[in-house]
There are 2 protein chains.
Amino acid sequence: MTNVIDESGILAISTRLQRLADALRKEGQLIYQSFGLDFEPKWFPVVYTLHLKSSLSVVEIANEIGYAHPSTISLLKELEKQQLIRSKKDKTDERKRLIVLTEKGKTLVNAMQPVWENMQRALSEIADNKHNLMKAIEEAEAKLKVSGFFERSQKIRQSGNL
Amino acid sequence: MTNVIDESGILAISTRLQRLADALRKEGQLIYQSFGLDFEPKWFPVVYTLHLKSSLSVVEIANEIGYAHPSTISLLKELEKQQLIRSKKDKTDERKRLIVLTEKGKTLVNAMQPVWENMQRALSEIADNKHNLMKAIEEAEAKLKVSGFFERSQKIRQSGNL
DNA sequence: TCCATATATGTAGTTAACTACGTAGTTTTA
DNA sequence: TAAAACTACGTAGTTAACTACATATATGGA
C-alpha cells in the first residue's frame, strides 16, 4: 500500500480533503438507509438550519450553510419534491421566498434525532484524535478568513526568498 | 456572520471538508497563474507521482494517487493534450499503457519546484495549528481504514443505546 | 419622483470527482 | 488446452458543488 500522495505532504491537501468528504458522504447515505430513512447527507445543512431558524429566505439559507445560492436553490428543489419544505412569498418584499419545514419535514427531523446522535458518536470515534479534525478545520478556516492561500503565497513571494 | 453550520458540529463535516478543498484548489490555480505557469492543482498528484516513479501504468497511477481509474484516465488525457506526458504499450503485457513525463513535462516540474516550495509554506501557515490539519486527516483516514463510518455506526447501534 | 444601483431569485453551463458497464488481453484450472 | 476468472483500460452517465449571466423587485439620491 505504498502511496506517493500520502507522502507528498501538504501539496495534495485539497485532494485528501475531497477524498475524505466523499467517503463520509457516501457512508452517511448508507447509514440513513440502514435506519430506514429517506434522507441524504447533502440535505442536512438546509434541514438543520430550518429546524433551528424556522423561516428564512433562499439567500439567508445559503449564507447560513456557506453555499453559493444556486447550489442552495437546487437543494431546495429536491426538498420540495420530497415535501419536506414549502415556501411562500414574503409579503413585505416580493423578491423573497420564505422557506419553512412542512409537518412531514418536522416529523422527519424528530425521527432523525437518534440517527444524528448515532452518527455523531461514530464521527467522534473517527475525528477525535490527537489532532482533532473538526478543530483543525475550524482553525484552518479561521486562518483563511484572515488571509487567503493566494494572499499568503504572494506575501511569502514578496518577502524575497521565493 | 452567524453560521448555523459552523455550530452544528461534526454532522456537517463532509460539507466543511468539501468547502475547504474547493477553496484551496481555486486559490492554488491563482497561484500557478501568478507565477506564469500553465498548470492546474488537480494535475499535481499525477505529475508528482510520475516525477518520482518515472514509468507507471494507468491503474498503478490511480492506486498511487488514490483515485478511481476513470478519473485518472481523464487527467491523463488532459496532460497528454498539454504534452506533459506520453504513453506506450507495455511489450510484455499488451493490456497496459505505460505513462512517462515528456521532456516538456520534466522541464515544467523543475520550473515548479520554487512554486511548490512557496505553496508549501503558505499551506503550512494555514494548516499548522494546535490541531494540525494534515495530521488530523491522516489520523482520521487511519481510523477509517480500520473500520468505516457505516461499520462504526452499526456497532454503536447494536451496542444497544442507539 | 424617476433613474441608478443594489438585492433576491432563477437558469444554464462547468468542474472534478464518482459508479456501472463493456471489451480485450492474461492467467489459472479442470 | 480450452473455458473460466481476473486484470487493464476505456466510455457513458451521474453527482454535488461551482461561476456567469438574466430578470424582477426594492431603495436611495439628484
Side-chain angles (χ1 to χ4, degrees), chain A residues 5 12-30 39-47 55-81 85 87-99, chain B residues 5 12-30 39-47 55-81 85 87-99:
Chain A
I5 291 312
I13 196 167
S14 79
T15 288
R16 307 276 300 271
L17 288 168
Q18 178 121 355
R19 239 202 266 169
L20 201 48
D22 258 42
L24 293 176
R25 197 183 321 105
K26 264 163 210 167
E27 296 208 63
Q29 208 146 1
L30 292 179
F39 195 76
E40 301 189 21
K42 68 175 160 170
W43 296 339
F44 174 79
V46 170
V47 168
S55 171
L56 293 172
S57 75
V58 174
V59 169
E60 282 166 349
I61 294 172
N63 289 339
E64 288 288 344
I65 70 179
Y67 282 14
H69 84 270
S71 317
T72 305
I73 287 172
S74 84
L75 290 173
L76 290 174
K77 270 185 189 159
E78 291 180 30
L79 289 168
E80 209 149 10
K81 204 184 226 167
I85 62 159
S87 64
K88 53 177 195 293
K89 277 251 172 295
D90 184 329
K91 276 161 200 156
T92 68
D93 186 341
E94 289 271 301
R95 294 170 304 177
K96 288 188 186 173
R97 246 175 84 199
L98 295 177
I99 318 291
Chain B
I5 290 312
I13 196 167
S14 78
T15 289
R16 308 276 299 272
L17 289 167
Q18 178 122 355
R19 240 202 267 169
L20 200 49
D22 257 43
L24 293 176
R25 196 183 322 105
K26 263 164 211 166
E27 295 206 66
Q29 208 146 1
L30 293 179
F39 195 77
E40 301 190 19
K42 67 173 160 172
W43 296 338
F44 174 80
V46 170
V47 168
S55 171
L56 293 172
S57 74
V58 174
V59 169
E60 282 166 349
I61 294 172
N63 289 338
E64 287 290 343
I65 69 180
Y67 281 15
H69 83 270
S71 316
T72 305
I73 288 172
S74 85
L75 291 173
L76 291 173
K77 270 185 190 159
E78 291 180 30
L79 290 168
E80 209 149 12
K81 203 184 226 167
I85 61 159
S87 64
K88 53 177 194 291
K89 275 250 171 296
D90 184 330
K91 277 162 199 156
T92 69
D93 186 341
E94 289 270 299
R95 293 170 306 178
K96 289 188 186 171
R97 244 175 86 198
L98 295 177
I99 318 290

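So that the names make sense, note that chain A is the first sequence line, chain B the second, and so on, each numbered from 1. FYI, side chains are in, hydrogens and waters are out, and symmetry mates aren't considered; it's all heavy atoms of this structure.
Computed from coordinates, the B/Gln18 CD to C/dA17 P distance equals 10 Å when rounded to whole Å. Between the C1' atom of C/dG10 and the CG atom of A/Leu76 lies a distance of 12 Å, rounded to the nearest Å. At whole-Å resolution of the value, CZ in A/Arg25 and P in C/dA16 are 16 Å apart. Note: CG (B/Asp90) to C1' (D/dT7) measures 13 Å, nearest angstrom. The nearest whole Å value for the distance from the OH atom in B/Tyr67 to the C1' atom in C/dT19 is 16 Å. Between the C1' atom of C/dC18 and the CD atom of A/Glu40 lies a distance of 15 Å, rounded to the nearest Å. Distance CG (A/Leu17) to P (D/dA17): 15 Å, rounded to an integer number of Å. Atoms CZ (B/Arg19) and P (D/dA17) sit 11 Å apart, rounded to a whole Å.
Take the nearest nucleotide of DNA chain D for A/Glu94 and for A/Lys42: the residue whose nucleotide is more 5' is A/Lys42.
Rounded to the nearest 0.5 Å, atoms CD1 (A/Ile65) and CG (A/Leu56) are 10.5 Å apart.
Note on A/Ser71: every side-chain N or O is 4.0 Å or more away from OP1 and OP2 of D/dA16.
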Evaluation steps, side chain to side chain contact (heavy atoms under 4.5 Å, CB included), between B/Ile85 and B/Leu76: CA-CA 8 Å; B/Ile85 61 159; B/Leu76 291 173; 3.6 Å; yes

The test is side chain to side chain contact (heavy atoms under 4.5 Å, CB included); show your working for B/Tyr67 and B/Val46 and say whether it passes. CA-CA 10 Å; B/Tyr67 281 15; B/Val46 170; over 6 Å; no

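Side-chain contact between A/Arg25 and A/Glu40 is absent, with no heavy atoms from C-beta onward closer than 4.5 Å. A/His69 has its side chain within reach of A/Ile73: a pair of non-hydrogen atoms, C-beta onward, lies under 4.5 Å apart. Looking only at side-chain heavy atoms (C-beta outward), A/Ile61 and A/Thr72 come within less than 4.5 Å of each other.
Salt bridge present: B/Glu78 and B/Lys42 bring a charged side-chain N and a carboxylate O closer than 4.0 Å. A salt bridge between A/Glu80 and A/Arg97 is present, with a side-chain N of the basic residue lying under 4.0 Å from a carboxylate O of the acidic one.
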Please list, for nucleotides 11-14 of chain C, all pairs of protein and nucleotide N/O atoms separated by less than 3.5 Å.
{"unit_1": "C/dT11", "atom_1": "OP2", "unit_2": "A/Lys77", "atom_2": "NZ", "d": "3.1"}

Using a cutoff of under 3.5 Å, can you pull out all pairs of nitrogen or oxygen atoms linking the protein to nucleotides 6-8 of chain C, with atom names and distances?
{"unit_1": "C/dT7", "atom_1": "O2", "unit_2": "A/Arg95", "atom_2": "NH1", "d": "2.7"}

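Under a 3.5 Å cut-off, the side chain of B/Glu60 and the backbone N or O of B/Ser57 do form a donor-acceptor pair.
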